[in-house]
Amino acid sequence: MDPQYRPEIIEPLAQRHWQEKQSFRAVEGPQRPKYYCLSMFPYPSGKLHMGHVRNYTIGDVLARYHRMKGYNVLQPMGWDAFGLPAENAAMQNGVPPAKWTYDNIAYMKGQLQRLGFAIDWSREVTTCRPEYYKWNQWLFLRMLERGLAYQKTGVVNWDPVDQTVLANEQVIDGRGWRTGALVEKREIPMYYLAITRYAEELLAELDELPGWPGRVKTMQANWIGKSFGVEIHFSLTERHEPGGEVLKVFTTRADTLFGVTYLAVAPEHPLALAAAETNPDIAAFIAACHKGGVTEAELATQEKHGMDTGRKAWHPFTNAPLPIWVANYVLMGYGEGAVMAVPAHDERDFAFARKYGLPIKPVIKPAEGELALPLQAAYTEPGILFDSGDFSGRSSADAIEKIALVLKNLGLGDKRVTWRLRDWGISRQRYWGCPIPLIHCEDCGVVPVPDEALPVVLPEDCVPDGSGNPLARRDDFVRCTCPKCGRPARRETDTMDTFVDSSWYYARYCSADNPHAMVDARADYWMPVDQYIGGIEHAILHLLYSRFWSKVMRDLGLVRYDEPFGRLLTQGMVLNHIFSRRTEQGGLVYFAPDEVEVTSDDKGRIVAARAKADGQPVDYQGIGTMSKSKRNGIDPQALIDRYGADTARLFMMFAAPPEQTLEWSDSAVEGAHRFLRRLWRMVYEHVILGVVSAYSGGELTPELQALRRALHETLQKVTDDIERRQQFNTAIAAVMELTNHLGRVEGIDALTRSVRQEALELVVLMLSPIVPHICRALYGELRPGACLMQASWPEADPNALTREAMELVLQVNGKLRGRLTVAVEATREAIEAAALASPEVQRFMGGRPAKKVVVVPGRLVNVVV
RNA sequence: GCGCGGGUGGCGGAAUUGGUAGACGCACCGGACUUAAAAUCCGGAACCUUCGGGUGUACGGGUUCGAUUCCCGUCCCGCGCACCA
């Protein structure tokens, strides 16, 4: 055995072995239970980043652990290969997105292989390949047939200089990122998928996902946003006639109806548009609302503006005339695009009423106490109605029911359910995506591409230039014949949202090689995914779209599952130090951590930093997510080259629990490597004395008995940490603690060596899902001729776990005052008596009588005086 | 702005169901080995202290025999907000 740990030798050896033996090839078979372990596939941006290493290490640990537990494990990998960065790179280097993407894939695949992940590469899926996206198109056509896909207009960011649609990411401070032009909103025709038809099921089935983190389910539920409210019709004529003109609003707070002092409609509302036709001021206001981008964050944080349309509506109960305003804070996409404004009981309405001098009329007071008048802020809690006609004195909940009932009888409204969720707009005016399979014919209108003509293949040699979609300029793509009438027609040039690609890739892994069907019976075997791992940033959109897509496939009879992902682990981001410097022009330049020399105080805190290049000071900005713009990313390749894959994997798993953010630290990497070296030497020093078999029974010294107990307790803890808790950092800490213990046990007699053999074998097995290369080598040394790939996950020996005595904590008034060793079978009374008699307790009782004695079995005794 | 998380020594973190706060690791300090250094090994340490003890888990309050953990409020940080993936 090599006395030195040499990852550069043992890692390629292990990887070659796995490749030659096809160790991770997954084959369907009913003999063993299946375990489908899936990590979110990467976007091929160029090279792996630390987030990938973290994500795929977590997945690999779970895959390898379950493999040892006897499961038939599938761990596939693929590429989310369409997307905007490829077009940006093309603009920069003049290389077609296809070439850039395929080159990146080749490089990153090599990096993944170098990390030793137990991946079945025979199922690799690449979303920009026609054999994959053909099925996007095919399913889109099925959805079109069922009315689940349809056309309507949607609002996009428009760059007036480049004459192009911008992604939200390309709008910076309200301006186009390349032109600097103020961005405008523009309505264009788009295709939508009717995800709202599945809203009820998407919401209800969150309860059927016990393996999902609560926070993800809460976020999804809030996103879907089912709210029970009342639709109220405000008459647009003073005397309301049945069937007369009304303005419909939706509210969850019908109890505040008597507090309405004005109505507000969105700038896109028909009423606003009608007013604009006769009033140039309103037209100008609406035009002003069209400035700026379309994100909800931008809309919600902008200053609230409004303008009186001059029109009035009449209150359904009091018949009071109410002014109708156009307001930029009313969203056309939610409810009716109009709200009844109750400044006294809604914060936004309150701010708006203050600004424009509109009346504020309180009608709800707390159940106990009074409202402090005049109101300094909106009172938004439910309470008791007053100044509300016949409804005064009722509670909010009661009033909502009654008001809805009366409105219904008057024909002026009814209870209604509203969703926050909107249908999914999938059209993108971009080149590097899956073509939408439609044809525009002057005579026949929009005609679907027939199934036999699929896939509509995207030409791979275009180079976008930042203005418009280059596909539109490709005659060979655009010109086609109408499948209906056979006359010349134009092909749709919009492509699909890349979320479409990622909404079903997990099912395609199961039947990746089938050219005739989207999925086949093998999906019935593997699906649903047992364990899904990916970034928390995907908590809503990707996961919700995938759930929706699954249900559509199910309803088409393609798959049998309702939910695609059984258990979900959302990993945290990877962070690093940020260094920057103000330029003379007032700009900010960032320095990569390896370009900076840091001065720390005697406690190790960073107090100063200077650039290596010029020796001048730079500012330390603290810690933040690794990003290109802040230049604080660390290339995992450097880490792997220097320390090997196992060190990279160990550091990632040890530095933080998987769900939390992880801070990069050079010295912690060093520490992980040091542990592996220590482990190597420990095994080396043991095996050079000759081969022994692991302890299998016989009388032990107390020291060896304690070691075996620690060993098997650690095994129990590590098993629980990996399988149930998925807290790999504490599993590693427990093994480290055990190796520290093992290192303190001396002696080379046969008995000691047999226990040491047992301990080292178990340590190697326990660590093998995390650091598989070194463990493969060490296992071969400990048991010559044996192969780790054939080893099972060990089980704790119950005989090693027995104990006769245990230690309890003694407290007086909740403060730790001493310890007490008692027999395991000691009764509560005996423990209480022994505790009261102990000198520590006596001392702190100070002669006072015990008021109460709390005995927590196995833990502590608390004496209250 | 809205939704969801998080905040514990010098640092990353541990404390799993309300029961010993600080496991494990990093950095630091001291010692051993060495001509020396690196590597390695051993030991120390939350803070204050009159050495009895006291204080301490972002901040302020509450519930409890007992709160890092539960409740209310405040501050700060992160993620998402529908065309980044």
Side-chain angles (χ1 to χ4, degrees), chain A residues 40 42-43 45 80 82-85 154 156-157 165-171 213-216 218-219 221-223 225 294-302 329 333 347-348 420-422 424-430 497-499 502 535-542 544-545 570 572-573 575 600-606 622-625 654-657 659-663 665-672 674-675 677-678 681 717 720-721 724-725 727 729-730 732-737 740 743 807-811 813-816 819 851-854 856 858-860 862-864:
Chain A
M40 289 183 186
Y43 177 77
S45 55
D80 188 12
F82 275 136
L84 205 49
V156 293
N157 304 304
V165 175
L166 296 179
N168 285 335
E169 187 193 49
Q170 299 170 317
V171 179
R215 61 173 161 160
V216 174
T218 309
M219 279 191 267
N222 290 339
W223 183 264
V294 299
T295 68
E296 198 183 294
E298 190 176 337
L299 296 174
T301 48
Q302 71 192 355
Y329 72 91
E347 274 164 28
R348 286 177 310 177
R420 208 187 76 96
L421 182 68
R422 307 196 296 259
W424 174 12
I426 57 155
S427 298
R428 298 290 180 270
Q429 298 68 45
R430 263 181 249 304
D497 181 2
T498 54
F499 273 124
S502 56
I536 182 64
E537 67 274 18
H538 296 291
I540 297 177
L541 291 178
H542 162 62
L544 192 63
Y545 290 146
T570 48
M573 310 283 247
L575 316 179
S600 306
D601 64 11
D602 56 355
K603 304 266 193 181
R605 268 177 302 209
I606 295 176
I623 239 150
T625 52
F654 182 58
E659 307 236 61
Q660 282 183 39
T661 54
L662 181 150
E663 283 180 32
S665 157
D666 286 318
S667 48
V669 171
E670 195 80 49
R674 194 178 303 157
F675 173 72
R677 276 205 309 259
R678 204 153 45 213
R681 206 185 46 248
K717 173 166 175 58
D720 187 51
D721 277 351
R724 181 181 63 86
R725 300 180 69 211
Q727 295 271 310
N729 57 325
T730 50
I732 295 164
V735 176
M736 286 177 170
E737 218 173 337
N740 290 343
E807 193 175 65
L808 296 183
V809 160
L810 297 178
Q811 293 182 337
N813 285 344
K815 284 202 168 80
L816 175 70
R819 284 160 212 283
K851 226 190 276 176
K852 184 173 177 183
V853 181
V854 181
V856 182
R859 288 207 184 264
L860 57 73
N862 186 16
V863 180
V864 186

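Because the structure is predicted, anything quoted here is derived from the model rather than measured.
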Spacing of the [atom1] atoms in [M] and [N] (rounded, Å):
{"N": "B/G30", "M": "B/A45", "atom1": "P", "value": "16 Å"}
{"N": "B/G19", "M": "B/C71", "atom1": "P", "value": "15 Å"}
{"N": "B/C24", "M": "B/C77", "atom1": "C1'", "value": "26 Å"}
{"N": "B/A37", "M": "B/G22", "atom1": "C1'", "value": "35 Å"}
{"N": "B/G66", "M": "B/G54", "atom1": "P", "value": "16 Å"}
{"N": "B/U40", "M": "B/U34", "atom1": "C1'", "value": "11 Å"}
{"N": "B/G6", "M": "B/C41", "atom1": "P", "value": "37 Å"}
{"N": "B/G43", "M": "B/C48", "atom1": "C1'", "value": "24 Å"}

Anti or syn - B/G9, cut at 90° from 0: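 Syn, which is what one calls it when the glycosidic angle falls within 90° of 0.
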
Syn-anti status, with the boundary at 90° from 0, for the nucleotide B/G30: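 Base orientation: anti.
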
Give every pair of a protein N or O atom and an N or O atom of nucleotides 49-58 of chain B that lie under 3.5 Å apart, one pair per line with the distance.
residue : atom : partner  : partner atom : Å
B/G52   : O3'  : A/Arg843 : NH2          : 2.6
B/G53   : OP1  : A/Arg843 : NH1          : 2.8
B/G53   : OP1  : A/Arg843 : NH2          : 2.4
B/G54   : OP1  : A/Arg817 : NH2          : 3.3
B/G54   : OP2  : A/Arg817 : NH1          : 3.2

Paired stretches of RNA chain B - 3 or more consecutive Watson-Crick or G-U pairs, each distance under 3.5 Å: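 Ordered by first number, the stems with RNA chain B (at least 3 consecutive pairs each) read B:1-7 with B:75-81, B:10-12 with B:24-26, B:28-32 with B:40-44, B:46-48 with B:53-55, B:58-62 with B:70-74.
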
For the student: nearest non-hydrogen atoms of A/Asp497 and A/Trp424, plus distance: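 A/Asp497 and A/Trp424 have their closest heavy atoms at OD2-NE1, 3.0 Å.
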
Heavy-atom closest contact (A/Leu544 atom, A/Trp223 atom, distance):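 Smallest interatomic distance, heavy atoms only, reads CD2-CD1, 3.5 Å.
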
Sequence-aligned protein contact record of nucleotides 74-85 of chain B, with B where the base is within under 4.0 Å of a protein heavy atom and S where only the sugar-phosphate is: -----SSBBBSB

Which residues pass the side-chain contact (heavy atoms from CB on, under 4.5 Å) test with [X], sequence neighbours left out?
{"X": "A/Lys852", "result": "A/Val854, A/Val864"}
{"X": "A/Ala221", "result": "A/Leu203, A/Leu206"}
{"X": "A/Leu808", "result": "A/Val822, A/Ile831, A/Val861"}
{"X": "A/Arg430", "result": "A/Leu84, A/Glu87, A/Ala167, A/Gln170, A/Arg428, A/Thr495"}

What nitrogen or oxygen pairs link the protein and nucleotides 64-70 of chain B at under 3.5 Å?
residue : atom : partner  : partner atom : Å
B/C65   : O2   : A/Asn862 : ND2          : 2.6

Got a second to check how far [X]'s [atom1] is from [Y]'s [atom2], nearest 0.5 Å?
{"X": "A/Asn157", "Y": "A/Glu169", "atom1": "CG", "atom2": "CD", "value": "12.0 Å"}
{"X": "A/Gln660", "Y": "A/Ile536", "atom1": "CD", "atom2": "CD1", "value": "12.0 Å"}
{"X": "A/Thr570", "Y": "A/Met219", "atom1": "OG1", "atom2": "CE", "value": "7.0 Å"}
{"X": "A/Lys717", "Y": "A/Arg725", "atom1": "NZ", "atom2": "CZ", "value": "5.0 Å"}
{"X": "A/Asn862", "Y": "A/Leu810", "atom1": "CG", "atom2": "CG", "value": "10.0 Å"}
{"X": "A/Thr661", "Y": "A/Leu575", "atom1": "OG1", "atom2": "CG", "value": "4.5 Å"}

Rounded off to whole Å, could you give me the [atom1]-to-[atom2] distance for the [X] and [N] pair?
{"X": "A/Phe654", "N": "B/A23", "atom1": "CZ", "atom2": "C1'", "value": "10 Å"}
{"X": "A/Gln660", "N": "B/A14", "atom1": "CD", "atom2": "C1'", "value": "11 Å"}
{"X": "A/Leu662", "N": "B/G13", "atom1": "CG", "atom2": "P", "value": "8 Å"}
{"X": "A/Asp666", "N": "B/G12", "atom1": "CG", "atom2": "P", "value": "16 Å"}
{"X": "A/Asn740", "N": "B/G43", "atom1": "CG", "atom2": "C1'", "value": "14 Å"}

Upstream residue (5' side of RNA chain B) when A/Val216 and A/Arg348 are each assigned their closest nucleotide: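 With A/Val216 and A/Arg348 compared, the 5'-side residue is A/Arg348.
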
Residue whose nearest RNA chain B nucleotide is more 5′ - A/Ala656 or A/Glu807: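 Result of the comparison: A/Ala656.
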
Sugar-phosphate, base or nothing in reach of A/Arg819, heavy atoms under 4.0 Å: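 Base contact.
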
Not counting sequence neighbours, which residues clear salt bridge (charged side-chain N to carboxylate O under 4.0 Å, His left out) with [X]? List them please.
{"X": "A/Glu663", "value": "none"}
{"X": "A/Arg420", "value": "A/Glu296"}
{"X": "A/Arg678", "value": "none"}

Shortest side-chain distance from A/Ala655, nucleotide among B/G12, B/A27, B/C4: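 Within the option list, the nearest is B/G12.
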
Between A/Thr730 and A/Asp721, a side-chain donor and acceptor under 3.5 Å: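 The criterion, which ignores hydrogens and geometry beyond distance, is satisfied for A/Asp721 and A/Thr730.
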
Lys/Arg N to Asp/Glu carboxylate O, A/Glu659 vs A/Arg215, below 4.0 Å: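 Between A/Arg215 and A/Glu659 there is a salt bridge, with a charged N closer than 4.0 Å to a carboxylate O.
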
A/Arg819 vs A/Val809 side-chain heavy atoms within contact, under 4.5 Å: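 Result yes, sub-4.5 Å side-chain heavy-atom pair found.
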
Verify the contact: side-chain N or O of [X] to OP1 or OP2 of [N], cut-off strictly under 4.0 Å; return yes or no.
{"X": "A/Arg677", "N": "B/U40", "result": "yes"}
{"X": "A/Gln302", "N": "B/G1", "result": "no"}
{"X": "A/Arg681", "N": "B/C41", "result": "yes"}
{"X": "A/Arg678", "N": "B/C41", "result": "yes"}
{"X": "A/Gln727", "N": "B/A14", "result": "yes"}
{"X": "A/Asn729", "N": "B/A14", "result": "yes"}

Give me the distances for all protein-to-nucleotides 16-18 of chain B N/O pairs that come in under 3.5 Å?
residue : atom : partner  : partner atom : Å
B/U16   : O2   : A/Arg724 : NH2          : 2.5
B/U16   : O2   : A/Arg725 : NE           : 3.4
B/U16   : N3   : A/Arg725 : NH1          : 3.3
B/U16   : O4   : A/Lys717 : NZ           : 2.5

